[in-house]
Amino acid sequence: MKIATWNVNSLKVRLPQVLEWLAANSDVTALCLQETKMDDPVFPLAEITEAGFHVAFAGQKTYNGVAIIARAPIEDVVINIPGFEDAQKRVITATVNGVRLVGAYIPNGQDLESDKYQYKLAWLNALISWLKTEMAAYPQLALLGDYNIAPEDRDVHDIKKWQGGVLVSEPERAAFEQLQALGLVDAFRLFEQSEKSFSWWDYRGFSFKKNAGLRIDHILLSQELAARCRACSIDIEPRKNERPSDHTPVIATLD
DNA sequence: ATGGCACCAAATTGGTGA
(Lines give C-alpha, C1' and ligand atoms only; values in the text may rest on other atoms or scores of the structure.)
Protein backbone atom coordinates (compact mmCIF):
# COMPACT_ATOMS: atom_id res chain seq x y z
CA MET A 1 0.00 0.00 0.00
CA LYS A 2 1.00 3.60 -0.48
CA ILE A 3 0.35 6.33 2.04
CA ALA A 4 0.71 10.02 1.30
CA THR A 5 0.46 13.52 2.72
CA TRP A 6 -0.31 16.84 1.06
CA ASN A 7 -0.82 20.33 2.44
CA VAL A 8 -3.36 21.60 -0.08
CA ASN A 9 -3.67 25.21 1.17
CA SER A 10 -7.47 25.36 0.85
CA LEU A 11 -9.42 22.27 -0.16
CA LYS A 12 -12.10 24.52 -1.61
CA VAL A 13 -9.64 25.71 -4.23
CA ARG A 14 -7.70 22.45 -4.56
CA LEU A 15 -10.41 19.73 -4.50
CA PRO A 16 -10.29 19.19 -8.29
CA GLN A 17 -6.51 18.80 -8.10
CA VAL A 18 -6.80 16.37 -5.19
CA LEU A 19 -9.29 14.17 -7.04
CA GLU A 20 -7.20 14.36 -10.19
CA TRP A 21 -4.08 13.41 -8.24
CA LEU A 22 -5.82 10.47 -6.59
CA ALA A 23 -7.04 9.26 -9.98
CA ALA A 24 -3.52 9.49 -11.39
CA ASN A 25 -2.10 7.78 -8.30
CA SER A 26 -4.53 4.89 -8.08
CA ASP A 27 -2.18 2.87 -5.87
CA VAL A 28 -2.32 5.43 -3.05
CA THR A 29 -4.46 3.85 -0.34
CA ALA A 30 -4.64 6.82 2.00
CA LEU A 31 -3.92 10.53 1.63
CA CYS A 32 -3.64 12.88 4.59
CA LEU A 33 -4.53 16.51 3.86
CA GLN A 34 -3.59 19.64 5.75
CA GLU A 35 -4.87 23.21 5.58
CA THR A 36 -8.29 22.30 4.27
CA LYS A 37 -9.50 25.65 5.69
CA MET A 38 -13.12 24.49 5.70
CA ASP A 39 -15.71 24.18 8.44
CA ASP A 40 -17.15 20.66 8.74
CA PRO A 41 -20.65 21.62 7.47
CA VAL A 42 -19.21 22.83 4.16
CA PHE A 43 -16.67 20.00 3.73
CA PRO A 44 -17.08 18.44 0.24
CA LEU A 45 -18.12 15.08 1.68
CA ALA A 46 -20.48 14.18 -1.17
CA GLU A 47 -17.98 14.93 -3.94
CA ILE A 48 -15.32 12.79 -2.27
CA THR A 49 -17.55 9.83 -1.41
CA GLU A 50 -19.18 9.94 -4.85
CA ALA A 51 -15.69 9.65 -6.32
CA GLY A 52 -15.46 6.35 -4.45
CA PHE A 53 -13.45 7.27 -1.37
CA HIS A 54 -13.81 7.03 2.37
CA VAL A 55 -13.07 10.24 4.19
CA ALA A 56 -12.64 11.62 7.70
CA PHE A 57 -12.13 15.27 8.49
CA ALA A 58 -11.79 17.89 11.21
CA GLY A 59 -11.99 21.42 9.95
CA GLN A 60 -12.28 25.06 10.77
CA LYS A 61 -12.72 28.04 8.52
CA THR A 62 -9.86 30.20 7.28
CA TYR A 63 -7.03 28.33 8.99
CA ASN A 64 -5.84 24.78 9.60
CA GLY A 65 -8.14 21.81 9.05
CA VAL A 66 -7.11 18.20 8.34
CA ALA A 67 -8.59 15.19 6.58
CA ILE A 68 -7.86 11.63 5.51
CA ILE A 69 -9.11 10.33 2.17
CA ALA A 70 -8.80 6.58 1.63
CA ARG A 71 -9.68 3.75 -0.73
CA ALA A 72 -10.27 1.46 2.27
CA PRO A 73 -12.44 1.96 5.36
CA ILE A 74 -11.25 4.54 7.88
CA GLU A 75 -11.55 3.29 11.47
CA ASP A 76 -11.11 4.57 15.03
CA VAL A 77 -10.85 8.25 14.19
CA VAL A 78 -9.37 10.58 16.79
CA ILE A 79 -9.36 14.37 16.39
CA ASN A 80 -6.48 16.49 17.75
CA ILE A 81 -4.05 15.45 20.49
CA PRO A 82 -5.86 13.73 23.38
CA GLY A 83 -5.23 15.60 26.62
CA PHE A 84 -4.08 18.78 24.87
CA GLU A 85 -6.60 21.60 24.74
CA ASP A 86 -6.43 23.12 21.28
CA ALA A 87 -8.94 25.35 19.55
CA GLN A 88 -7.17 24.68 16.25
CA LYS A 89 -7.86 21.59 14.17
CA ARG A 90 -4.41 20.21 13.37
CA VAL A 91 -4.44 16.43 13.83
CA ILE A 92 -6.56 13.57 12.56
CA THR A 93 -5.68 9.99 13.42
CA ALA A 94 -7.27 6.84 12.03
CA THR A 95 -6.57 3.24 11.12
CA VAL A 96 -6.57 2.22 7.45
CA ASN A 97 -5.66 -1.35 6.43
CA GLY A 98 -4.26 -1.95 9.90
CA VAL A 99 -1.92 1.05 9.73
CA ARG A 100 -2.35 3.83 12.28
CA LEU A 101 -2.12 7.11 10.37
CA VAL A 102 -1.50 10.32 12.27
CA GLY A 103 -2.08 13.23 9.89
CA ALA A 104 -0.65 16.41 11.37
CA TYR A 105 -0.42 20.09 10.55
CA ILE A 106 2.28 21.24 12.95
CA PRO A 107 2.13 24.97 13.75
CA ASN A 108 4.27 27.33 11.72
CA GLY A 109 5.50 29.43 14.63
CA GLN A 110 5.69 32.71 12.66
CA ASP A 111 8.97 33.89 14.24
CA LEU A 112 11.08 33.07 17.27
CA GLU A 113 9.73 36.00 19.29
CA SER A 114 6.09 35.20 18.60
CA ASP A 115 3.57 33.62 20.97
CA LYS A 116 2.88 31.33 18.03
CA TYR A 117 6.42 29.98 18.37
CA GLN A 118 5.82 29.12 22.04
CA TYR A 119 2.55 27.47 20.99
CA LYS A 120 4.47 25.47 18.38
CA LEU A 121 6.97 24.15 20.93
CA ALA A 122 4.26 23.33 23.49
CA TRP A 123 2.22 21.68 20.75
CA LEU A 124 5.20 19.53 19.70
CA ASN A 125 5.77 18.49 23.33
CA ALA A 126 2.15 17.40 23.62
CA LEU A 127 2.37 15.50 20.33
CA ILE A 128 5.53 13.68 21.44
CA SER A 129 4.11 12.58 24.81
CA TRP A 130 0.84 11.42 23.28
CA LEU A 131 2.64 9.54 20.46
CA LYS A 132 4.56 7.56 23.06
CA THR A 133 1.32 5.92 24.21
CA GLU A 134 -0.21 5.78 20.74
CA MET A 135 2.83 3.94 19.36
CA ALA A 136 2.65 1.43 22.22
CA ALA A 137 -0.98 0.73 21.29
CA TYR A 138 -0.33 0.77 17.53
CA PRO A 139 3.13 -0.57 16.58
CA GLN A 140 2.36 0.07 12.90
CA LEU A 141 2.13 3.84 13.00
CA ALA A 142 2.97 6.62 10.56
CA LEU A 143 3.13 10.34 11.34
CA LEU A 144 2.47 12.19 8.09
CA GLY A 145 2.04 15.85 7.44
CA ASP A 146 3.32 19.37 7.24
CA TYR A 147 5.84 19.50 10.08
CA ASN A 148 6.94 23.08 9.47
CA ILE A 149 10.42 21.87 10.38
CA ALA A 150 13.35 21.42 8.01
CA PRO A 151 15.25 18.76 9.96
CA GLU A 152 18.69 19.31 8.43
CA ASP A 153 20.57 22.01 6.54
CA ARG A 154 20.38 19.92 3.37
CA ASP A 155 16.59 20.31 3.58
CA VAL A 156 16.96 24.07 3.01
CA HIS A 157 17.83 25.62 -0.36
CA ASP A 158 19.79 28.47 1.23
CA ILE A 159 20.60 27.85 4.88
CA LYS A 160 22.22 31.27 5.28
CA LYS A 161 18.93 32.91 4.36
CA TRP A 162 16.90 30.80 6.81
CA GLN A 163 19.48 30.46 9.60
CA GLY A 164 18.20 31.62 12.96
CA GLY A 165 14.60 31.67 11.82
CA VAL A 166 11.50 29.63 12.31
CA LEU A 167 11.40 26.15 10.66
CA VAL A 168 15.14 25.58 11.22
CA SER A 169 15.70 26.73 14.82
CA GLU A 170 17.43 24.41 17.27
CA PRO A 171 14.39 23.83 19.54
CA GLU A 172 12.29 22.82 16.53
CA ARG A 173 14.96 20.47 15.23
CA ALA A 174 15.35 19.07 18.76
CA ALA A 175 11.63 18.28 18.75
CA PHE A 176 12.06 16.48 15.42
CA GLU A 177 14.91 14.49 16.99
CA GLN A 178 12.67 13.62 19.94
CA LEU A 179 10.18 12.18 17.48
CA GLN A 180 13.00 10.09 16.03
CA ALA A 181 13.98 9.07 19.57
CA LEU A 182 10.52 7.53 19.93
CA GLY A 183 11.61 5.13 17.19
CA LEU A 184 10.13 7.02 14.26
CA VAL A 185 12.17 6.98 11.06
CA ASP A 186 12.20 9.61 8.29
CA ALA A 187 10.99 7.47 5.36
CA PHE A 188 12.50 9.85 2.80
CA ARG A 189 16.02 9.34 4.17
CA LEU A 190 15.75 5.56 4.10
CA PHE A 191 16.52 5.83 0.39
CA GLU A 192 18.95 7.59 -1.87
CA GLN A 193 17.48 10.93 -2.96
CA SER A 194 18.63 13.65 -5.27
CA GLU A 195 20.21 16.70 -3.68
CA LYS A 196 17.99 19.71 -3.15
CA SER A 197 14.82 17.67 -2.72
CA PHE A 198 12.10 19.92 -1.34
CA SER A 199 8.36 19.73 -0.61
CA TRP A 200 7.51 23.44 -0.38
CA TRP A 201 8.35 26.50 -2.48
CA ASP A 202 7.27 30.07 -1.79
CA TYR A 203 4.71 31.40 -4.24
CA ARG A 204 6.84 34.53 -4.61
CA GLY A 205 9.88 35.19 -6.70
CA PHE A 206 9.74 32.18 -9.01
CA SER A 207 10.90 30.00 -6.11
CA PHE A 208 9.72 26.76 -7.69
CA LYS A 209 11.40 27.52 -10.99
CA LYS A 210 14.62 28.25 -9.07
CA ASN A 211 14.08 25.25 -6.79
CA ALA A 212 14.42 27.59 -3.83
CA GLY A 213 12.46 25.38 -1.46
CA LEU A 214 12.37 23.58 1.85
CA ARG A 215 11.69 19.98 2.83
CA ILE A 216 9.15 20.41 5.62
CA ASP A 217 6.55 17.76 4.74
CA HIS A 218 7.50 14.37 6.10
CA ILE A 219 6.44 10.79 6.65
CA LEU A 220 7.86 9.29 9.82
CA LEU A 221 7.42 5.55 10.30
CA SER A 222 7.51 3.31 13.35
CA GLN A 223 10.12 0.53 13.30
CA GLU A 224 7.58 -2.04 12.10
CA LEU A 225 6.46 0.17 9.22
CA ALA A 226 10.01 1.22 8.36
CA ALA A 227 10.78 -2.47 7.89
CA ARG A 228 7.90 -2.62 5.39
CA CYS A 229 8.90 0.57 3.55
CA ARG A 230 10.16 0.10 -0.01
CA ALA A 231 10.22 3.67 -1.33
CA CYS A 232 9.56 7.26 -0.42
CA SER A 233 9.30 10.16 -2.84
CA ILE A 234 8.14 13.72 -3.27
CA ASP A 235 5.80 14.27 -6.23
CA ILE A 236 6.53 17.73 -7.61
CA GLU A 237 4.07 17.37 -10.50
CA PRO A 238 1.13 19.10 -8.76
CA ARG A 239 3.35 22.12 -8.09
CA LYS A 240 3.31 22.70 -11.87
CA ASN A 241 -0.49 22.99 -11.97
CA GLU A 242 -2.43 26.17 -12.52
CA ARG A 243 -3.18 27.60 -9.07
CA PRO A 244 -0.99 25.05 -7.27
CA SER A 245 -0.64 24.51 -3.56
CA ASP A 246 2.73 25.76 -2.36
CA HIS A 247 3.32 22.23 -0.95
CA THR A 248 3.59 18.96 -2.88
CA PRO A 249 2.64 15.40 -1.91
CA VAL A 250 5.04 13.02 -0.19
CA ILE A 251 4.42 9.31 -0.73
CA ALA A 252 5.68 6.21 1.07
CA THR A 253 5.36 2.70 -0.36
CA LEU A 254 4.78 -0.09 2.16
CA ASP A 255 4.82 -3.83 1.54
C1' DA B 1 15.26 46.60 5.20
C1' DT B 2 11.14 45.45 2.60
C1' DG B 3 8.09 43.07 -0.29
C1' DG B 4 7.29 39.76 -3.20
C1' DC B 5 2.29 35.50 -3.62
C1' DA B 6 -1.86 33.10 -2.27
C1' DC B 7 -5.83 32.44 0.49
C1' DC B 8 -9.46 33.97 3.57
C1' DA B 9 -13.02 36.96 5.86
C1' DA B 10 -14.47 40.93 5.37
C1' DA B 11 -14.19 44.76 2.71
C1' DT B 12 -12.19 47.72 -0.90
C1' DT B 13 -7.44 46.09 3.80
C1' DG B 14 -5.35 43.03 7.20
C1' DG B 15 -3.95 38.38 9.18
C1' DT B 16 -1.45 34.35 8.24
C1' DG B 17 1.48 31.32 6.08
C1' DA B 18 6.70 29.63 5.37
Side-chain angles (χ1 to χ4, degrees), chain A residues 5-18 21 32-44 57-67 86-91 103-124 127 144-173 175-176 188 196-219 234 236 238-250:
Chain A
T5 177
W6 190 6
N7 178 327
V8 290
N9 185 19
S10 169
L11 186 59
K12 186 180 177 183
V13 173
R14 233 68 68 187
L15 179 62
Q17 294 184 41
V18 169
W21 188 83
C32 297
L33 302 179
Q34 300 87 42
E35 286 206 83
T36 56
K37 299 186 176 180
M38 301 182 87
D39 254 331
D40 290 348
V42 296
F43 189 89
F57 51 93
Q60 64 181 95
K61 65 176 178 182
T62 317
Y63 307 115
N64 312 308
V66 284
D86 194 353
Q88 306 183 20
K89 296 293 195 302
R90 293 183 172 276
V91 185
Y105 177 43
I106 292 174
N108 170 280
Q110 201 166 52
D111 62 67
L112 272 55
E113 284 70 44
S114 170
D115 290 346
K116 295 191 178 73
Y117 182 71
Q118 293 308 318
Y119 166 69
K120 179 178 194 173
L121 296 181
W123 197 98
L124 280 162
L127 177 71
L144 317 83
D146 176 358
Y147 284 58
N148 273 312
I149 300 171
E152 298 177 73
D153 287 354
R154 62 176 164 164
D155 300 314
V156 181
H157 70 98
D158 180 355
I159 189 60
K160 285 195 207 87
K161 183 177 169 181
W162 289 84
Q163 197 71 263
V166 78
L167 313 190
V168 304
S169 75
E170 274 314 308
E172 291 165 80
R173 286 181 168 177
F176 191 87
F188 192 73
K196 301 184 190 306
S197 289
F198 306 125
S199 66
W200 170 88
W201 298 262
D202 200 305
Y203 284 119
R204 297 165 290 190
F206 303 98
S207 296
F208 181 60
K209 196 173 220 173
K210 295 190 282 197
N211 196 28
L214 305 174
R215 192 176 73 93
I216 52 177
D217 301 270
H218 309 294
I219 299 177
I234 297 170
I236 67 165
R239 192 62 177 77
K240 302 171 183 172
N241 290 348
E242 292 287 323
R243 292 188 84 186
S245 170
D246 43 357
H247 296 253
T248 57
V250 183

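Here the structure is a predicted model, which means the values were calculated and not measured. To find a chain, count down the sequence lines: A is the first, B the second, and so on, and within it residues start at 1.
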Fill in: Sidechain-backbone polar pair: A:His247 side chain, A:Ile216 backbone, donor-acceptor under 3.5 Å
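Pair absent, no side-chain N/O of A:His247 close to backbone of A:Ile216.
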
Practice prompt. Taking only the side-chain nitrogens and oxygens of A:Arg14, find out if one of them lies under 4.0 Å from OP1 or OP2 of B:dC7.
Written response: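 Indeed, a polar side-chain atom of A:Arg14 lies that close.
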
Worksheet item: Is there a side-chain polar atom (N or O) of A:Ser10 under 4.0 Å from OP1 or OP2 of B:dC8?
Response: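 The answer is yes; a side-chain N or O of A:Ser10 sits under 4.0 Å from OP1 or OP2.
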
Between [atom2] of [N] and [atom1] of [X], the distance in whole Å:
{"X": "A:Glu172", "N": "B:dA18", "atom1": "CD", "atom2": "P", "result": "12 Å"}
{"X": "A:Arg215", "N": "B:dA18", "atom1": "CZ", "atom2": "C1'", "result": "16 Å"}
{"X": "A:Gln60", "N": "B:dA9", "atom1": "CD", "atom2": "P", "result": "11 Å"}
{"X": "A:Lys209", "N": "B:dC5", "atom1": "NZ", "atom2": "P", "result": "14 Å"}
{"X": "A:Tyr119", "N": "B:dA18", "atom1": "OH", "atom2": "C1'", "result": "16 Å"}
{"X": "A:Lys161", "N": "B:dG3", "atom1": "NZ", "atom2": "P", "result": "14 Å"}

Discussion item. Under 3.5 Å, is there a donor on one side chain and an acceptor on the other for A:Gln88 and A:Tyr63?
Written reply: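 No, no side-chain donor-acceptor pair sits under 3.5 Å.
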
Worksheet item: Going by atom types only, do A:Asn241 and A:Gln17 share a side-chain donor-acceptor pair under 3.5 Å?
Response: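 Side-chain D/A pair, A:Asn241 to A:Gln17: present.
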
[N] and [M]: how far apart are their [atom1] atoms, nearest whole angstrom?
{"N": "B:dT16", "M": "B:dA10", "atom1": "P", "value": "15 Å"}
{"N": "B:dA11", "M": "B:dG15", "atom1": "C1'", "value": "14 Å"}
{"N": "B:dA1", "M": "B:dT12", "atom1": "C1'", "value": "28 Å"}

Discussion item. For the CG atom on A:Asp115, are there more than 12 heavy atoms of other groups (residues, nucleotides or ligands in this structure) within a distance under 6.0 Å?
Written reply: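 Open.
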
Discussion item. Under 4.0 Å between a side-chain nitrogen and a carboxylate oxygen: does that hold for A:Asp39 and A:Lys89?
Written reply: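 No salt bridge links A:Asp39 with A:Lys89.
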
Item to complete: Could you pull out the closest heavy-atom pair between A:Lys196 and A:Asn211, with the gap in Å?
Response: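 Minimum heavy-atom contact is O-ND2, 3.1 Å.
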
Worksheet entry | A:Pro171: partners by side-chain contact (heavy atoms from CB on, under 4.5 Å), with sequence neighbours left out |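 A:Pro171 satisfies side-chain contact (heavy atoms from CB on, under 4.5 Å) with A:Tyr117, A:Leu121, A:Ser169 only.
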
Any protein N or O atoms within reach of nucleotides 13-17 of chain B? Criterion: under 3.5 Å, listing atom names and distances.
residue	atom	partner	partner atom	Å
B:dT16	OP1	A:Lys116	NZ	3.4

Discussion item. What's A:Val166 touching, base or sugar-phosphate or nothing? Going by heavy atoms closer than 4.0 Å.
Written reply: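 Touches nothing.
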
Fill in: Of A:Ile216 and A:Lys61, the one whose closest DNA chain B nucleotide lies more 5'
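Between the two, 5'-proximity favours A:Lys61.
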
